[in-house]
Amino acid sequence: MRLSRLFLPTERQPPADAEAISHKLMVRAGLVRQVGAGLWSWLPAGWRVHQRIVQIVREEIDAIGGQEMLMPVMHPAELWKRSGRYGFPEQFRLEDRKGAEHVLAMTHEEVVTLHVANAVRSYRDLPKILYHFQVKERDEPRPRAGVLRTREFIMKDSYTFDRDAEGLQAGYDLHDQAYARIFDRCGLEWYRVESDVGMMGGSMAHEFMAPCAAGENEVALAPGYAANVEVASAEAQPVEHTALTGSLDTPGATTIEAVAAAIGAAPGQLLKAFPVVLDGGERVDVFVRGDHRVNEIKLRNALKSDFRPAREDEIGRPAGFLGPSSDVRTVFDAAIAPGPYVAGANREGVHEVVTVDGGERLDVRTVVAGDTVNGSAIAIEPAIEVGNIFKLGTRYSEPLGASYLDESGREHPIWMGSYGIGPARIAAAAVEQFHDEQGIAWPKAIAPWDVEVVALGKPGSDEARAAQALYEELRTVGLDVVLDDRAAGAGEKFADAELLGCPLRLTVGRRSLESGAAEAVARRGRADLDPVPLDGAVEAVRERWGALP
RNA sequence: CGGGGAGUGGCGCAGUCUGGUAGCGCACCCGGCUGGGGGCCGGGCGGUCGCAGGUUCAAAUCCUGUCUCCCCGACCA
């Protein structure tokens with residue numbers, strides 16, 4: 001490709017409202033452009049990156065026996081009503097000309113299960129791995145950070161169909177291993193974490209996380225331990241107890257900070273009340289240490305029920321002064337070590353010292369940096385979720401009637417798994433992880449081009465002709481090469497090359513004609529490599545190429 | 001959904017408070033110079049100031065309404 005003809009609108013300045021590095025650089029480098037909130041076009045160079053990632057994913061899913069197909073983006077609403085997933089706030093809904101309801105797909109469990117339900121009869125038809133790359137539509141409440149969180153994006157989603165839990169485990173493991181190969185091949189720093197199963201239902205889930213500053217997820221890390229903070233569990237740091245007894249007048253002190261200040265105690269000596277009402281209507285008072293926060297996902301999982309905050313009239317005691325009460329089911333967070341704590345006295349303006357010992361214990365708090373796992377302090381860092389794997393079990397096969405007959409002719413629901421990867425997020429994560437002041441430094445597996453040949457001198461000059469000859473020679477041996485043959489100054493060409501971030505840059509100018517070699521620079525680290533002789537360039541480039549990240 | 005901010009040539013911005021008919025840098029076009037880090041000189045093109053209504057002799061500027069986008073938080077199959 002010649003830059004003089006490429007649609008590559010680079011910008012000197014980032015968009016005024018961009019915050020995330022990948023947002024700024026991908027726009028500046030001419031890879032993507034915004035169309036609306038959470039709606040993005042991929043321009044030619046950006047699409048090459050996307051397609052290279054897609055191809056890596058395709059190869060690895062094919063390698064575990066996946067069969068690529070394609071399902072539509074628009075679905076009859078009825079199908080989603082059957083699965084019980086109709087009416088999510090994120091779901092785009094529309095009507096056709098006849099007034100029939102449709103939805104735009106957030107994922108494809110319903111459709112793929114429909115096909116399997118209609119076609120699979122026998123255990124002999126299992127297992128199956130089906131996948132596709134298709135647009136997903138989600139009406140996100142807040143799209144952000146360029147291509148990191150969008151309302152429309154392409155996802156590779158695969159689905160496994162097995163006869164039982166063991167089969168599902170095998171399909172799950174295959175994906176786990178394929179994903180590891182995919183992210184390694186893409187050149188990302190990544191790790192696998194335990195995660196919440198969320199609204200997907202199912203019994204087990206892991207996320208593949210690429211650490212970076214713009215990440216929306218928080219991950220708790222310790223040697224041998226990695227978990228999404230949504231589900232992470234750790235030993236709390238101990239609190240020192242100062243001697244306090246009896247009841248304490250705390251008029252107007254309704255927050256932890258205010259109470260701690262009023263009585264001269266550390267927040268960790270207090271109990272924080274979190275009154276909720278479960279789905280079934282049961283009232284529960286949850287207590288965590290004053291310096292901790294309730295983790296609503298962990299709480300929901302621990303209570304095995306959705307819940308909502310209790311209203312004041314349901315609590316029946318003055319909010320802000322709640323303490324343990326024998327009148328209502330009471331749950332203490334596991335991090336509340338037995339001992340005395342300051343809690344509300346269930347009377348306006350009064351706190352009192354209570355002794356917690358035993359009681360119903362559940363782990364429902366959000367871990368904080370410094371907590372320990374196996375004696376090691378955890379760190380919490382942001383990361384982008386680039387892939388996830390879910391065990392769905394029979395959550396979709398039952399409502400949608402996907403079943404098979406076993407050897408004895410008995411009918412069973414099919415066991416399913418669901419596995420997603422977002423190529424756009426891999427691209428953005430790579431930019432977040434590998435960039436410098438000048439621009440992007442792509443991992444070579446997903447760069448838009450392998451080599452950028454910068455031709456200095458006027459178009460038509462000896463330098464330009466030598467650059468073109470080099471460009472053509474490298475192309476003939478299968479390298480993806482882009483030639484900067486524009487009539488621009490050297491500085492502009494170097495600046496654009498560093499923005500775009502191809503792993504290897506070869507410069508052909510007057511000096512090259514004198515020395516008979518093109519200068520070679522590795523983009524990552526902007527490191528000078530041994531020059532590439534113009535005569536015999538292919539071998540030299542191959543050799544330089546092999547050492548690049 | 002709560003809070004904050006912004007819409008003025010392709011990009012980044014000034015002008016709005018104090019109304020007088022739109023400006024700067026970059027980019028772009030033409031000519032020339034330069035040709036190894038966004039170079040220089042000269043000459044140009046391009047915007048009914050998000051949209052609608054109102055006030056006024058006169059609106060980018062004041063008033064009302066509305067749309068869109070961004071950031072923080074909540075949310076995030």
Side-chain angles (χ1 to χ4, degrees), chain A residues 9-20 23-24 27-28 30 33-40 80 83-92 103-110 136-146 148-151 153 155 157 195-202 205 207 214-218 228 230 296-297 309 384-385 388 390 392 395-396 418-420 422 425 437-439 454-464 467 484 486-499 505-515 518-519 521 526 528:
Chain A
T10 58
E11 295 291 343
R12 207 163 188 154
Q13 287 158 314
D17 43 30
E19 287 295 322
H23 183 185
K24 292 179 183 173
V27 170
R28 283 190 57 211
R33 282 293 186 272
Q34 185 169 15
V35 176
L39 302 171
W40 290 80
W80 288 69
S83 73
R85 287 211 299 174
Y86 186 75
F88 281 97
E90 290 78 18
Q91 189 166 53
F92 283 106
V103 302
L104 299 181
M106 304 186 287
T107 58
H108 284 76
E109 279 82 6
E110 280 79 0
K136 302 290 179 269
E137 303 281 352
R138 298 181 187 179
D139 194 2
E140 294 286 350
R142 182 150 116 75
R144 74 174 119 192
L148 270 181
R149 183 162 210 89
T150 56
R151 295 196 294 172
F153 60 97
M155 178 174 174
D157 39 328
S195 71
D196 184 50
V197 294
M199 302 285 280
M200 289 295 296
E207 291 165 338
E216 298 187 275
N217 293 89
E218 288 189 310
N228 195 315
E230 291 174 355
E296 300 194 10
I297 291 171
I384 298 174
E385 179 186 350
N388 55 45
F390 284 97
L392 296 175
R395 147 83 251 251
Y396 294 91
S418 154
Y419 315 87
R425 282 191 171 178
E437 285 295 302
Q438 281 67 231
V454 175
L456 299 180
K458 288 183 191 177
S461 64
D462 290 346
E463 300 97 291
D484 192 348
R486 297 173 301 170
E492 194 174 342
K493 292 184 177 186
F494 291 142
D496 273 352
E498 278 157 1
L499 234 197
R505 186 179 92 208
L506 300 177
T507 305
V508 180
R510 185 172 296 150
R511 287 183 212 154
S512 324
L513 298 183
E514 289 162 4
S515 67
E519 280 123 87
V521 179
R526 300 171 88 201
D528 289 326

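What you see is a predicted model, and the numbers here were worked out from it, not measured in a lab. In what follows, chains are A, B, ... by sequence order, proteins preceding strands, each numbered from 1. We use all heavy atoms of the structure for the numbers below, so side chains are in, but hydrogens, waters and symmetry mates are not.
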**Q** Taking ring-ring contact (aromatic ring centres under 6.0 Å, His included) as the test, write out the residues that go with His108(A), two or more places apart.
**A** His75(A), His132(A)
**Q** With both distances under 3.5 angstrom, what nucleotide forms a Watson-Crick or G-U wobble pair with rG25(B)?
**A** rC11(B)
**Q** Quick one: label Arg33(A) by what it contacts on the DNA or RNA (base, sugar-phosphate, nothing), any heavy atom closer than 4.0 Å.
**A** nothing
**Q** Taking the nucleotide of RNA chain B with the closest heavy atom to each, which residue, Ala488(A) or Pro15(A), is nearer the 5' end?
**A** Pro15(A)
**Q** Grab the CG-P distance between Leu39(A) and rU68(B) for me, whole Å please.
**A** 12 Å
**Q** Mind checking what makes side chain to side chain donor-acceptor pair (under 3.5 Å) contact with Arg149(A), not counting sequence neighbours?
**A** Glu140(A), Glu216(A)
**Q** Could you work out, with salt bridge (charged side-chain N to carboxylate O under 4.0 Å, His left out) as the rule, every residue matching Lys136(A), not counting sequence neighbours?
**A** Asp157(A)
**Q** Considering only rC76(B), rG35(B), rG37(B), which nucleotide approaches the side chain of Phe494(A) most closely?
**A** rG37(B)
**Q** Are side-chain N/O atoms of Glu207(A) and Asn228(A) paired as donor and acceptor at under 3.5 Å?
**A** yes
**Q** What is the distance from CE of Met106(A) to P of rC75(B), rounded to the nearest Å?
**A** 18 Å
**Q** Looking across every strand, which nucleic acid part, if any, lies under 4.0 Å from Ser512(A) by heavy atom: base, sugar-phosphate, or nothing?
**A** base
**Q** Looking only at atom P, what distance separates rG42(B) and rC26(B), rounded to whole Å?
**A** 12 Å
**Q** For rC76(B) and Arg144(A) - does any side-chain N or O of the residue sit under 4.0 Å from the phosphate oxygens OP1/OP2?
**A** no
**Q** Would you mind building the protein contact string for nucleotides 22-31 of chain B? One character per nucleotide, 5' to 3', B for base within reach (heavy atoms under 4.0 Å), S for sugar-phosphate only, - for untouched.
**A** ---BS-----
**Q** Rounded to whole Å, how long is the line connecting atom NZ of Lys24(A) with atom P of rG12(B)?
**A** 13 Å
**Q** Can you name the residues that form a side chain to side chain donor-acceptor pair (under 3.5 Å) with Glu218(A), not counting sequence neighbours?
**A** none
**Q** Please report the shortest heavy-atom distance between Ala205(A) and Phe390(A), naming the atom on each side.
**A** CB-CD2, 3.6 Å
**Q** Distance between the C1' atoms of rC13(B) and rA60(B), in whole angstroms?
**A** 15 Å
**Q** Using the side-chain heavy atoms of Gln34(A), tell me which of these nucleotides is nearest: rG12(B), rG37(B), rC70(B).
**A** rC70(B)
**Q** Using atom CD of Gln91(A) as one end and atom P of rC76(B) as the other, report the distance to the nearest whole Å.
**A** 16 Å
**Q** Are there over 12 heavy-atom neighbours, none belonging to Arg510(A), within less than 6.0 Å of that residue's CZ?
**A** no
**Q** Watson-Crick or G-U wobble partner for rG73(B), using a 3.5 Å limit on both distances?
**A** rC1(B)
**Q** Check Glu19(A) with Arg144(A), please: is the shortest side-chain N to carboxylate O separation under 4.0 Å?
**A** no
**Q** What interatomic distance, in whole Å, is found between P of rC63(B) and the corresponding atom of rG44(B)?
**A** 39 Å
**Q** Closest to the Ala490(A) side chain: rG12(B), rG10(B), rG37(B)?
**A** rG37(B)
**Q** What is the separation between atom CD on Glu19(A) and atom C1' on rG73(B), rounded to the nearest whole Å?
**A** 15 Å
**Q** Mind checking if Ala18(A) touches a base, just sugar-phosphate, or nothing, with heavy atoms under 4.0 Å?
**A** nothing
**Q** So what does Arg486(A) hit on the nucleic acid, given a heavy-atom distance under 4.0 Å: a base, only sugar-phosphate, or nothing?
**A** nothing
**Q** Measuring only the P atom in each nucleotide, how far is rG15(B) from rG50(B)? A whole number of Å is fine.
**A** 15 Å
**Q** Could you tell me how far apart Leu499(A) (CG) and rC11(B) (P) are, to the nearest whole angstrom?
**A** 17 Å
**Q** Whole angstroms only, please: what is the CZ-P distance between Phe88(A) and rC75(B)?
**A** 16 Å
**Q** For the C1' atoms, the ones on rG46(B) and on rG39(B), what distance do you get once it is rounded to whole angstrom?
**A** 25 Å
**Q** Side-chain donor or acceptor of Arg28(A) under 3.5 Å from a matching atom on the base of rG12(B)?
**A** no
**Q** With P as the reference atom in both, quote the distance from rC17(B) to rC62(B) in angstrom, rounded to an integer.
**A** 5 Å
**Q** If we take the P atom in both rG23(B) and rU16(B), what is their distance in whole Å?
**A** 15 Å
**Q** Would you indicate what Ala37(A) reaches in the nucleic acid, counting non-hydrogen atoms under 4.0 angstrom: base, sugar-phosphate, or nothing?
**A** sugar-phosphate
**Q** Of the candidate nucleotides rC11(B), rC75(B), rG12(B), which contains the atom at the shortest distance from the side chain of Glu90(A)?
**A** rC75(B)
**Q** Checking Ala464(A) now: which residues fulfil side chain to side chain contact (heavy atoms under 4.5 Å, CB included) with it, not counting sequence neighbours?
**A** Ser461(A)
**Q** Using whole Å, what does the distance between atom P of nucleotide rG50(B) and atom CG of Asp17(A) come to?
**A** 16 Å
**Q** Is Ala145(A) touching bases, backbone alone, or none of the nucleic acid, heavy atoms closer than 4.0 Å?
**A** sugar-phosphate
**Q** Does Pro9(A) reach a base, just sugar-phosphate, or nothing at all? Heavy atoms under 4.0 Å.
**A** nothing
**Q** Could you let me know what rC57(B) is paired to, Watson-Crick or G-U wobble, both distances under 3.5 Å, or none if it's on its own?
**A** rG20(B)
**Q** Dump the pairs, protein N or O against N or O of nucleotides 2-8 of chain B, anything under 3.5 Å, distances to one decimal.
**A**
none

**Q** Going by side chain to side chain donor-acceptor pair (under 3.5 Å), name the residues that satisfy it together with Glu110(A), two or more places apart in sequence or in a different chain.
**A** Ser83(A), Arg85(A)
**Q** What I'd like to find out is whether the side chain of Trp40(A) reaches to under 4.5 Å of the side chain of Val27(A), using heavy atoms alone.
**A** yes
**Q** Can you name the side chain to side chain contact (heavy atoms under 4.5 Å, CB included) partners of Arg511(A), sequence neighbours left out?
**A** Glu519(A)
**Q** Indicate yes or no: at least one non-hydrogen side-chain atom of Phe494(A) is less than 4.5 angstrom from one of Gln438(A).
**A** no
**Q** For a quick check, tell me whether the side chain of Glu498(A) and the base of rG37(B) share a donor-acceptor pair closer than 3.5 Å.
**A** yes
**Q** Just name whichever nucleotide pairs with rU66(B), Watson-Crick or G-U, keeping both distances under 3.5 Å, else none.
**A** rG50(B)
**Q** Scan Pro14(A) against the nucleic acid and name what it touches under 4.0 Å (heavy atoms): base, sugar-phosphate only, or nothing.
**A** sugar-phosphate
**Q** With a 3.5 angstrom cut-off on both distances, give the Watson-Crick or G-U wobble partner of rC33(B), or none if there isn't one.
**A** rG39(B)
**Q** On RNA chain B, check which nucleotide each of Pro459(A) and Gly420(A) is closest to and give me the residue with the more 5' one.
**A** Pro459(A)
